[in-house]
Structures are given as C-alpha cells and as structure tokens.
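Proteins come first, then strands; the chains are lettered A, B, ... in the order of their sequence lines, and each starts at number 1. Values in this document were obtained by computation on a predicted structure and should not be read as measured data.
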There are 2 protein chains.
Amino acid sequence: MNSFTEENYLKEIFKLMQQEDSMVSTNAIADKLGTRAASVTDMLIKLSDKKLVHYKKYQGVTLTSKGKKVALEIIRNHRLWEVFLVEKLQFKWDEVHEMAEELEHINSKEMVLRLDKYLGYPKFDPHGDPIPDDKGKIGVKKSRLLSQLIPNKAAQVLGVVDHSPAFLQYIEKLGIMPGHGIKLKEIIEYDKSISISINGKEPVFISNDVAKNILISA
Amino acid sequence: MNSFTEENYLKEIFKLMQQEDSMVSTNAIADKLGTRAASVTDMLIKLSDKKLVHYKKYQGVTLTSKGKKVALEIIRNHRLWEVFLVEKLQFKWDEVHEMAEELEHINSKEMVLRLDKYLGYPKFDPHGDPIPDDKGKIGVKKSRLLSQLIPNKAAQVLGVVDHSPAFLQYIEKLGIMPGHGIKLKEIIEYDKSISISINGKEPVFISNDVAKNILISA
DNA sequence: AAATAAATTTAGATGAGTCTAAAAATAATT
DNA sequence: AATTATTTTTAGACTCATCTAAATTTATTT
C-alpha cells in the first residue's frame, strides 16, 4: 500500500493538475507541501517506480490512471469526513480541514462506503467541492468565478477557491455560503471591486481579490 | 507531540500494567506489538527521556502519570470510535478493531469531545470495555471471569478479554454478548468445561479456554 | 555456588522521508 | 548567441523506528 506521505503527494499533484491543466513542477509541489524541491524529486522517483506518476526529469509530473485513482480516493475520503464533521459533529466549515487531513488516510474502503451511506450520499462538501463517488467519478458542475459575474443576472454560490479559515470566516460574515443566491449590483472599474446582494439582502462590497476566490454557477 | 508509534507503546504498556499489576517487561511489549526486544529497549529510552515512563535497565517499565494520561486518551479515542462504527455505521463488534486502531490517533481533543456527545456519552464500548472520560477517569465495574462463576447464580456478561474477530464471532454465535444474562448449569470437573444458559435459553457448552476470556458481573 | 538458560541491552545497519550544499539543466535577458 | 538567473537534480547527511548479532545482566538449575 501507499504511505500517508505518498498519498499526500498524489493528492497535491492531482489538485495542481486541475489548476494548471498540465504538467506539475517540482517547486509547485514543494511549495504546497511545505517541503524542499530536493525532497520532492526523491519522492517523484519513488512514485514513478510505483507507476503512480509519469515523471520526466526536469519536465515535471502528471498522474498515471493508477495515481489518479488513489488521489481521488483520498479526496473523496477528505470531503466525506468534512461533511461528517459539519453535519454530525456540528463543526463550522472553517474548522474541519485539519481534522479531515488526518481522517482521509484511514485505510478502509468499507468504512468510507458506510460513511457515505450514513451521510445520505452527499454530492458536495461544506465548501461546495464535489465529492467523487466510490469509482472516482466526480460530478463537475460548470462554474466560474464571482469576479466574472454579469451585472443583475441571478446566480448561485457553488464553492470557494481559498479554503483558509480566515477567508471562510470573512465571507460567512458577509452571508456568502454555498447554495446562497447572489446578484451583482455594481462594479467599481478602478479596482474591480464589486457590490453584491446575497439572497436578496442589502448589498455588500467586496474586493476583486475576494471575488476571485468565490465560485458561482455558470 | 507524540508519534503514532509512541502512542501505541504507551497504550500497550498501560494494558499490560493493568493485567500484571506491576512492572512490564521488554519482551511482553515486544510480543504484543509484534516487534523485537531491541526495538523496545530503544523506544523505552526515548519514552523515558520524554518523562512518559519510569524505566530501569533490566527491570522493566511503568507509566508516569504523564504517560498514563496519554495512554488513557488513546484508549478513550479507540473505544469511542468503536461505538461510532458499531452504532452509527452498523459494523459488527468483531469488525471494528483495525479501523479504531487508526482512528484513535487522530489528533483533536475537540473532535473527540463532540464525538462523545454525539454518541450520547457512552460508558462502555461494544466489547464491554469501559470508556474513560475526558479527564482519563475510568469507571471500573467489579468483574470476574466466567470460569469463576458459581453454579445457578445469575450474572451478567460484562465484556471479553480476547478481542480477536474469531473469538467474538464464536461467542456471538453462542448468544454471548455484553449485557446478556448468564447462568452456570454444569461444570465438567475433568477439563473445567461448562454448560451455561444465556438469557434463560437452552444451555450451551463451552471450554474453560473460552470461559477464561469472558467477563461477568461480580 | 557454579553452570546454564533466558531476558535484556548494546553496537552497528537499514529504509523512509527529510534536509543542505553543490552540480546540472532549462529559461530568461542582455 | 552568450550570459545570467531560475529550476531541478545529485550527493551526502540526519532522524525515526526498526532489524540482526553479539555482549551483558538476571534468573534458573543442577
């Protein structure tokens, strides 16, 4: 089987591949995992030997289908545990990441199947991220960033890009959460900051930096 | 913090101290953990440096109060997760040990507090073992072994000594489970095998080996 | 009490995952 | 295109938890 550490590398490579939609660089991985480039190189060689990644010296990595399967399983575990922590143990959405980082590595397919059933087969985690099914299939909702919203057209908050507690706490205070309706009221051309109405309430102002981290329905 | 491995040593030393009620030997630990005596010695020195055990060369170890606190926390986590797996995810009592071995090391006091509440503050796990509270206090029910039961006196099954799936499956098939009433019908003096009635049902025969692994009310 | 057996510790080695410092390859600039 | 800068890899070393084999201590027998 794969170690805790190997699983974390695979998960991070998967996420980076989604963003950059191509080969992932050694430094990008080192950055995300808080480790050094040299360590990443060592691990990539190991993962390559195990046929979990395609690795070409100096060129970067991509996941093999085997590697992608493992990554999706870990991501599924993570998101299901997040649902558990929020729905059953009453944690807030900005508190669950660290715990889920540990829970995701618990090694039991059957347990996760039952957890999924117990939670009522949720399709999205508390941050709006889609939960892959047990085959690794992920239901991709078409989405775009709030920073690209068209004025006065109704849309829905789907999720977030930044998952940090600070960000989540901030937007929650503004009333922005997955599932809520959203409408663009005004764009300040100068700095691209915007004013939006959530669920028909009084408009609030947010910077472009914030708008770039919120996903809405396309 | 303490590593996964350190926690397992502390937990095992705690359990052995309960049984033998004195110093625990290097070999006993090696046996239980499936490792070699030399490895145990190394770890004992390390745990001693961290003030988690009292260690005297060639004499054995006991836990310090600090070590006992950690051990009880791990045991509490383990037993609460077992309750979760059986009550909420519908696992059988002989299926949950391995999963709980991993879940017990998830590092979040708050999560365990909420899990405890969510489960309704259970006092015993599915095998009848008492669950320490968050201060490490453990409610000890006076118990003795089924092999010491007095003929025709009513008693109750409290728990088991052997936790192996094979054993649990066997006694469950016989109808022996924590909470069930039990009465001794006959003792075969030759091999100390006994015949017992569970919840007033038809008596069943069990060997002394089995009777020595079942805990009943004193 | 001396000899033998058993338990425990020491010494030295290994693999996993990490690091720093230096070398090599690729990318960017002048 | 040649030089400089950046990225990545190699080389060698460290820590953690483990191992085997040999040495030492304690326990058991004769």
Please tell me if [X] has a side-chain N or O lying less than 4.0 Å from either OP1 or OP2 of [N].
X	N	value
Thr35(A)	dT18(C)	no
Thr41(A)	dT9(D)	yes
Ser25(A)	dT7(D)	no
Asn27(A)	dT6(D)	no

Rounded off to whole Å, could you give me the [atom1]-to-[atom2] distance for the [X] and [N] pair?
X	N	atom1	atom2	result
Asp42(B)	dA13(C)	CG	P	15 Å
Lys50(A)	dG15(C)	NZ	P	15 Å
Leu33(B)	dC19(D)	CG	C1'	15 Å
Asn2(B)	dC16(D)	CG	P	13 Å
Leu44(A)	dT7(D)	CG	P	16 Å

Nearest-neighbour nucleotide for the Arg36(A) side chain, dT18(D), dT20(C), dT9(D) considered |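 Among the listed nucleotides, the one closest to the side chain of Arg36(A) is dT20(C).
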Nearest to side-chain heavy atoms of Tyr55(B), which nucleotide of dT9(D), dC19(C), dT9(C) |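 Out of dT9(D), dC19(C), dT9(C), the nucleotide with an atom closest to Tyr55(B)'s side chain is dT9(C).
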Identify each donor-acceptor pair in which a side-chain atom of residues 22-32 of chain B lies under 3.5 Å from a protein atom, sequence neighbours left out, and give them as a table.
from, atom 1, to, atom 2, distance (Å)
Ser22(B), OG, Glu20(B), O, 3.4
Ser25(B), OG, Ala28(B), N, 3.1

When you check every protein heavy atom under 4.0 Å of nucleotides 21-26 of chain D, what one-letter string (B, S, -) results, 5' to 3'?
-> ---BSS
Are any non-hydrogen side-chain atoms of Ile214(A) and Val157(A) less than 4.5 angstrom apart?
->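 Yes. Closest side-chain heavy atoms under 4.5 Å.
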For Arg36(B), enumerate each residue passing the salt bridge (Lys or Arg N to Asp or Glu O under 4.0 Å) test, keeping only those at least two apart in sequence or located in another chain.
->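 Listed in chain order: nothing, the list is empty.
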Between Thr26(B) and Met43(A), which has a closest nucleotide on DNA chain C that is more 5'?
->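 The residue closer to the strand's 5' end, by nearest nucleotide, is Thr26(B).
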Residues two or more places apart in sequence or in another chain: which of them pass ring-ring contact (aromatic ring centres under 6.0 Å, His included) with His127(B)?
->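 So His127(B) forms a ring-ring contact (aromatic ring centres under 6.0 Å, His included) with Trp93(B), His163(B).
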Those residues that, when tested against Tyr9(A), pass ring-ring contact (aromatic ring centres under 6.0 Å, His included) (two or more places apart) =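 For Tyr9(A), no residue satisfies ring-ring contact (aromatic ring centres under 6.0 Å, His included) once neighbours in sequence are set aside.
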Start with the C-alpha gap between Ser207(B) and Asp209(B), add the side-chain angles, then the distance that decides, and say whether side-chain hydrogen bond (donor to acceptor under 3.5 Å, both in side chains) holds.
-> CA-CA 5 Å; Ser207(B) 71; Asp209(B) 268 0; 5.2 Å; no
What salt bridge (Lys or Arg N to Asp or Glu O under 4.0 Å) pairs are there with at least one residue in [range], not counting sequence neighbours?
range	value
residues 63-78 of chain B	Glu73(B)-Lys109(B), Arg76(B)-Asp116(B)
residues 52-62 of chain B	none
residues 5-16 of chain A	Glu6(A)-Lys46(A), Glu6(A)-Lys50(A), Lys11(A)-Glu101(A), Lys11(A)-Glu104(A)

Which residues in residues 6-16 of chain A have at least one heavy atom lying under 4.0 Å from any atom of DNA chain C?
->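 DNA chain C contact set from residues 6-16 of chain A: Tyr9(A).
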Is Ser39(A) touching bases, backbone alone, or none of the nucleic acid, heavy atoms closer than 4.0 Å?
->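 Result for Ser39(A) = base.
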